[in-house]
Amino acid sequence: ALERELSALGLLGTDGPSSARQLERSLRRHAAAQIKLLAQWSRGRRAAVLAVVLLDEDRRSIQTLLRGAADTAAPEVRMADLIPTEQLPERALRSLAEQPTVTDVVRLLLLFKHPLAGSMAAAAGGARPSLFRIEVELGRAFAEVALRDAQRGGGHLRAYAQESVDLMNVYAALLHFPERDPSLRELVFIDGGDFLGPDEFEAMMRLQTSGELPAYLGQLFKGSALSDVFEAGALDLSNLEARVLQAQIDAQRKAMLRDPLGAAAILGFVLELRAQMLDLRRILWGITLQAPPALLYGDQVSAGRRGGSS
C-alpha cells in the first residue's frame with residue numbers, strides 16, 4: 001500500500017512489489033534525480049549556493065559512513081538517510097558503505113578526490129586511528145571549504161555556512177557536556193561560526209547542569225531562527241536535529257518571500273529534500289515494524305508544517 005502511494009506521488013517507479021530495502025534505494029534514486037535537476041537549473045551565483053549546501057550533505061553522509069564502518073554495520077544500514085550528490089553519487093556511497101574500516105573509507109575518499117578527504121588523512125593514519133579525531137578533521141575541512149566558497153554566493157549563503165559551523169559546535173558541546181571539561185575547546189571546537197565562539201563554547205562546558213543549557217543557548221542564538229528551538233526545553237540529541245531542520249526550513253521559506261530567486265530557494269529545496277528523506281524512511285520502516293501511525297506522524301520533521309514537499 002505504501003509503494004502504491006509513493007508511486008502515485010511520483011516518488012517511485014512502477015517495477016512491482018518491492019522490499020523495504022528496495023523502496024529505500026528507490027527513494028535515494030529519486031532524491032538524486034531531484035539534485036541533478038536542481039544542478040541543471042543552478043548557474044552563476046546559484047551554482048555556488050548549491051555547491052555549499054551539497055557539501056554539507058556530503059559531510060553528513062561521510063560522518064554516517066565513518067560511524068557505520070566503526071560499528072561494522074551492514075552496508076545498507078550505513079546508507080540510510082543519505083542523499084546522493086554530484087560529488088558522492090549512489091555508486092560512490094555504496095562503495096564507501098562497503099569499506100571494512102574507517103581508514104578504508106578515508107582512503108577511498110582520497111581516491112575520489114573529495115574536497116573533504118585531505119584533512120582526514122593524517123587522523124586516519126597509524127595502527128589505531130581515532131574516529132573522534134577523524135570526525136573533528138571532517139568538520140574543520142567542511143568549515144574551511146564552505147566558508148571560502150560561500151563568499152561567492154552572497155550574504156545569505158555566508159550566513160547559512162556560518163550557521164552550519166555553529167550547529168556542529170552545538171552538537172559537539174552537547175555530546176561532550178557530561179565530561180564538563182572546558183579544555184575540550186581545543187580538541188573539538190571549529191572556528192567560523194557566527195553566534196558560538198570559542199569563549200562561549202568553553203562557558204557551556206562550565207555550566208553546572210544540563211538544565212541550564214536551553215536558556216544559555218536560547219540567549220546565545222537570540223535573533224536567529226534557532227533561538228526558539230533551543231529555548232523550547234530539554235535538548236535531546238535524538239530529536240534535536242529534526243527540530244533544527246524544521247526551523248531552518250521555516251527560515252528559508254520566509255527568506256524566499258523577500259527574494260524568490262535568491263539563495264534561500266536552493267537552500268530551502270535541499271533542506272526540504274533532506275526532511276522528506278528522513279520522514280519517508282521513518283514511515284517506511286515504521287510500517288515494516290508495525291509501529292502505531294500516530295507515533296510515526298509525531299516523529300516526522302514535517303509534522304509541524306502544512307504543505308511542503310514532505
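Just so we're clear, the structure is a prediction, and the values are computed from it rather than from any experiment.
In the hydrophobic clustering of ILVMFWY residues, with side-chain heavy atoms under 4.5 Å counting as a link, V188 and I62 come out apart. Follow the hydrophobic side-chain contacts under 4.5 Å out from L54 and you never reach L116; the two are in separate clusters. Under the 4.5 Å side-chain heavy-atom criterion for grouping Ile, Leu, Val, Met, Phe, Trp and Tyr, L273 is connected to V52 within one hydrophobic cluster. Note on F112: it clusters hydrophobically with M79, by side-chain heavy-atom contacts below 4.5 Å among ILVMFWY residues. Residues I249 and L280 are members of one and the same hydrophobic cluster, defined by side-chain heavy-atom contacts under 4.5 angstrom among Ile, Leu, Val, Met, Phe, Trp and Tyr.
No more than 12 heavy atoms of other residues, nucleotides or ligands lie within 6.0 Å of CD in E86, so this atom counts as exposed by the packing criterion.
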Test side-chain contact (heavy atoms from CB on, under 4.5 Å) applied to Q63 and M168, step by step: CA-CA 12 Å; Q63 185 176 59; M168 287 192 290; over 6 Å; no
Evaluation steps, side-chain contact (heavy atoms from CB on, under 4.5 Å), between L65 and L82: CA-CA 9 Å; L65 292 165; L82 305 189; 4.0 Å; yes
Full working for side-chain hydrogen bond (donor to acceptor under 3.5 Å, both in side chains) between T64 and R67: CA-CA 5 Å; T64 298; R67 292 177 179 179; over 6 Å; no
Check against side-chain contact (heavy atoms from CB on, under 4.5 Å), Y171 and L240: CA-CA 9 Å; Y171 293 138; L240 180 59; 3.8 Å; yes
Steps toward side-chain contact (heavy atoms from CB on, under 4.5 Å) verdict (V106, L66): CA-CA 8 Å; V106 175; L66 288 168; 4.1 Å; yes
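Using a 4.5 Å cut-off on side-chain heavy atoms (C-beta onward), L138 and R59 make contact. With a 4.5 Å cut-off on side-chain heavy atoms, V244 and V170 do not count as touching. Residues Q34 and F269 have side chains in contact (heavy-atom distance under 4.5 Å, counting atoms from C-beta outward). Contact of the L12 side chain with the L23 side chain is registered, since non-hydrogen atoms from C-beta on lie closer than 4.5 Å. Under the 4.5 Å side-chain criterion, counting only non-hydrogen atoms from C-beta, V270 is in contact with L50. At least one side-chain heavy atom of L278 sits under 4.5 Å from a side-chain heavy atom of L245. At a threshold of 4.5 Å between non-hydrogen side-chain atoms, the residues M204 and L217 count as touching. Considering only heavy atoms from C-beta on, Q276 comes within 4.5 Å of L11 through its side chain.
A donor-acceptor pair is defined here as one N or O able to donate and one able to accept, closer than 3.5 Å; such a pair exists between the side chain of R78 and the backbone of Q99. Side chain of S42 to backbone of L38: a donor-acceptor contact under 3.5 angstrom is found. Although no hydrogens or angles enter the test, the distance criterion places no donor-acceptor pair under 3.5 Å between the side chain of R91 and the main chain of L88. In this structure, the side chain of D166 engages the main chain of L196 through a donor-acceptor pair within 3.5 Å. No donor-acceptor pair under 3.5 Å is formed between the side chain of R46 and the backbone N or O of I266. Remark: the backbone N or O of G197 is paired with a side-chain donor or acceptor of E200 at under 3.5 angstrom.
A search for side-chain hydrogen bond (donor to acceptor under 3.5 Å, both in side chains) contacts involving E98 returns nothing, not counting sequence neighbours. Legend: residues meeting salt bridge (Lys or Arg N to Asp or Glu O under 4.0 Å) with R274, ordered by chain and number and at least two apart, are D56, E57. Annotation: salt bridge (Lys or Arg N to Asp or Glu O under 4.0 Å) contacts of E137 (sequence neighbours excluded): R140. Shown here are the side-chain hydrogen bond (donor to acceptor under 3.5 Å, both in side chains) partners of S95, two or more places apart in sequence or in another chain: there are none. D71 is linked by a salt bridge (Lys or Arg N to Asp or Glu O under 4.0 Å) to nothing, counting only residues two or more places apart in sequence or in another chain. A search for ring pair (Phe, Tyr, Trp, His ring centres under 6.0 Å) contacts involving F201 returns F189, not counting sequence neighbours. Residues passing the side-chain hydrogen bond (donor to acceptor under 3.5 Å, both in side chains) test with E90, sequence neighbours excluded: R28. Listed by chain and number, the residues in a salt bridge (Lys or Arg N to Asp or Glu O under 4.0 Å) with E202 are R185, R206 (sequence neighbours excluded).
Distance check, rounded to the nearest 0.5 Å: CG of D228 to NZ of K222 gives 8.5 Å. Expressed to the nearest 0.5 Å, how far CD of E163 lies from CG of D194 amounts to 9.5 Å. Taken to the nearest 0.5 Å, the CE atom of M256 stands 10.5 Å off from the CG atom of D259. Considering CG of L271 and OH of Y160, their distance stands at 5.0 Å, rounded to 0.5 Å. Atom CZ of residue R21 and atom OG1 of residue T288 lie 9.0 Å apart, to the nearest 0.5 angstrom. Atom CD of Q22 and atom CG of L284 lie 11.0 Å apart (nearest 0.5 Å).
When all heavy atoms of G192 and V165 are compared, the closest pair comes out as C-CG1, 3.9 Å. Taking each heavy atom of P84 and L93 in turn, the nearest pair found is CA-CD1, 3.8 Å.
Side chains of R29 and S26: a donor on one and an acceptor on the other come within 3.5 Å. Residues D250 and Q246 bring a donor and an acceptor atom of their side chains to less than 3.5 Å of each other.
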Solution key, residues 173-181 side-chain donor-acceptor pairs under 3.5 Å, sequence neighbours excluded:
from	atom 1	to	atom 2	distance (Å)
H176	ND1	E179	OE2	2.9
R180	NE	L207	O	3.3
R180	NE	Q208	O	3.4
R180	NH1	F177	O	2.9
R180	NH2	Q208	O	2.9
D181	OD1	S183	N	3.0
D181	OD1	S183	OG	2.6
D181	OD2	S183	OG	2.9

Please list, one pair per line, the donor and acceptor atoms closer than 3.5 Å that link side chains of residues 141-159 to other protein atoms, with sequence neighbours excluded.
from	atom 1	to	atom 2	distance (Å)
Q151	NE2	L147	O	3.2
H156	NE2	Q252	OE1	2.7

Please tabulate, for the side chains in residues 120-130, all donor-acceptor contacts under 3.5 angstrom to protein atoms that are two or more places apart in sequence or on a different chain.
from	atom 1	to	atom 2	distance (Å)
S130	OG	F132	N	3.3
S130	OG	R133	N	3.2

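Each side chain to side chain donor-acceptor pair (under 3.5 Å) pair with one or both residues in residues 107-126, not counting sequence neighbours, appears once here: D58-H114.
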